[in-house]
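Worksheet: one structure, shown below.
Every chain is numbered from 1 and lettered A, B, ... according to where its sequence line falls, protein lines coming before strand lines.
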Amino acid sequence: MISYTLPADWPTDEKAARAVQDELRTRVVVDEPGPPPGTGHVTGVDVAYDDERDIVAAAVVVLDAATLDVVEEATAVGTVAFSYVPGLLAFREIPTVLTALRRLTADPGLVVCDGYGVAHPRRFGLASHLGVLTGLATMGIAKNPFTFAYEAPAAPRGSASPLLDGTEEVGRALRTREGVKPVFVSAGHRVTLDNACAHALRLTPRYRLPESTRRADALCRSALREATG
DNA sequence: GCGACAG
DNA sequence: ATCTTGTCGC
């Protein structure tokens, strides 16, 4: 069941947020392969902030998974109700992201977030949180390894190495461009890590970062400029 | 206790 | 995330 509704008891402080994480983290589904790469839709999600006025702009961009052409776009502007705390990013971004998703008429398909899924201290990063709340298949692609360890993947595009929390592989450092710093992929909800990496490669025919997040990044920035000035 | 720390 | 010019390269 797909729902873009923000829970009524959305937390506003760290303690409540951690309690919410502990309750929802048990609902993450990791035994579904997820949509096959190149089929259906892939939706990029990103947000931009104006720290001066506590404003946040979210953008969702639906792409045709086969051609990477834009199918539909939507934005939303809201108030930041949670400060940045590493590990609690979801509480800062999700409210406005849900509003943007609500404005979509197309099926989002697989949602690609700018950040982590289960590669998270509590195995419940932004992508997993969004997945559990909506029921959508989600994954995360981050630009930094957060607190996790990894060995540099081989130079060729497509090379990967495990992203480790101790001895547990929580994600993968994936080389999307030859000889360029890898991106950090993790499963969010209802997708496999292997499948998430396959999607990540299909989304990066030209740049290090996936087309989905590049598109969403550009859109949320312009939405923020429009809302601010 | 202190520093690090996705965006 | 954000503050920020010019510049090298395809």
Atom pair CG (A:D22) and CZ (A:R122), whose distance is rounded to the nearest 0.5 Å:
4.5 Å
When the distance from CZ of A:R53 to C1' of C:dT2 is rounded to whole Å, what number comes out?
15 Å
Using atom CZ of A:F91 as one end and atom C1' of B:dA6 as the other, report the distance to the nearest whole Å.
14 Å
For a quick check of understanding: with a heavy-atom distance under 4.0 Å over all strands, which category does A:A119 fall into, base, sugar-phosphate or nothing?
nothing
Just checking, A:R92 and A:Y84: is the charged tip under 6.0 Å from the six-membered ring centre and within 45° of the axis?
no
Which whole-number value in Å describes the distance from A:R123 CZ to B:dA6 P?
16 Å
Remember a base hit wins even if backbone is also touched, and classify A:D50 as base, sugar-phosphate or nothing at under 4.0 Å, heavy atoms.
nothing
Atom-pair distance (CG on A:D46; P on B:dA6), nearest Å
15 Å
Does C:dA1 have OP1 or OP2 under 4.0 Å away from a side-chain N or O of A:R221?
yes
Phosphate oxygens OP1/OP2 of B:dC5: is one of them under 4.0 Å from a side-chain N or O of A:N144?
no
Euclidean distance, atom NE2 of residue A:H129 to atom P of B:dG7 [Å, nearest integer]:
18 Å
What does A:I141 touch in the nucleic acid at a heavy-atom separation under 4.0 angstrom: a base, only the sugar-phosphate, or nothing?
nothing
Which one, B:dC5, B:dA6, C:dA1, comes nearest to the side chain of A:Y49?
C:dA1
Can you tell me how far C1' of C:dT2 sits from CG of A:L224, to the nearest Å?
11 Å
Please determine if a side-chain N or O atom of A:Y84 lies less than 4.0 Å away from the OP1 or OP2 oxygen of B:dA6.
yes
To the nearest 0.5 Å, what is the distance between CZ (A:R190) and CG (A:D31)?
10.5 Å
Can A:R172 be said to sit on top of A:Y150's aromatic six-ring, NZ or CZ under 6.0 Å from centre and within 45° of the ring axis?
no
Distance in angstrom units between A:F148 CZ and B:dA4 P, rounded:
18 Å
Can you establish whether the number of heavy atoms outside A:E168 located under 6.0 Å from its atom CD is more than 12?
yes
Rounded off to whole Å, could you give me the CZ-to-C1' distance for the A:F184 and B:dC5 pair?
14 Å
How is A:G87 classified with respect to the nucleic acid when contacts are heavy atoms under 4.0 Å: base, sugar-phosphate, or nothing?
base
Does A:R206 or A:K143 map to a spot on DNA chain C nearer the 5' end, using the closest nucleotide for each?
A:K143
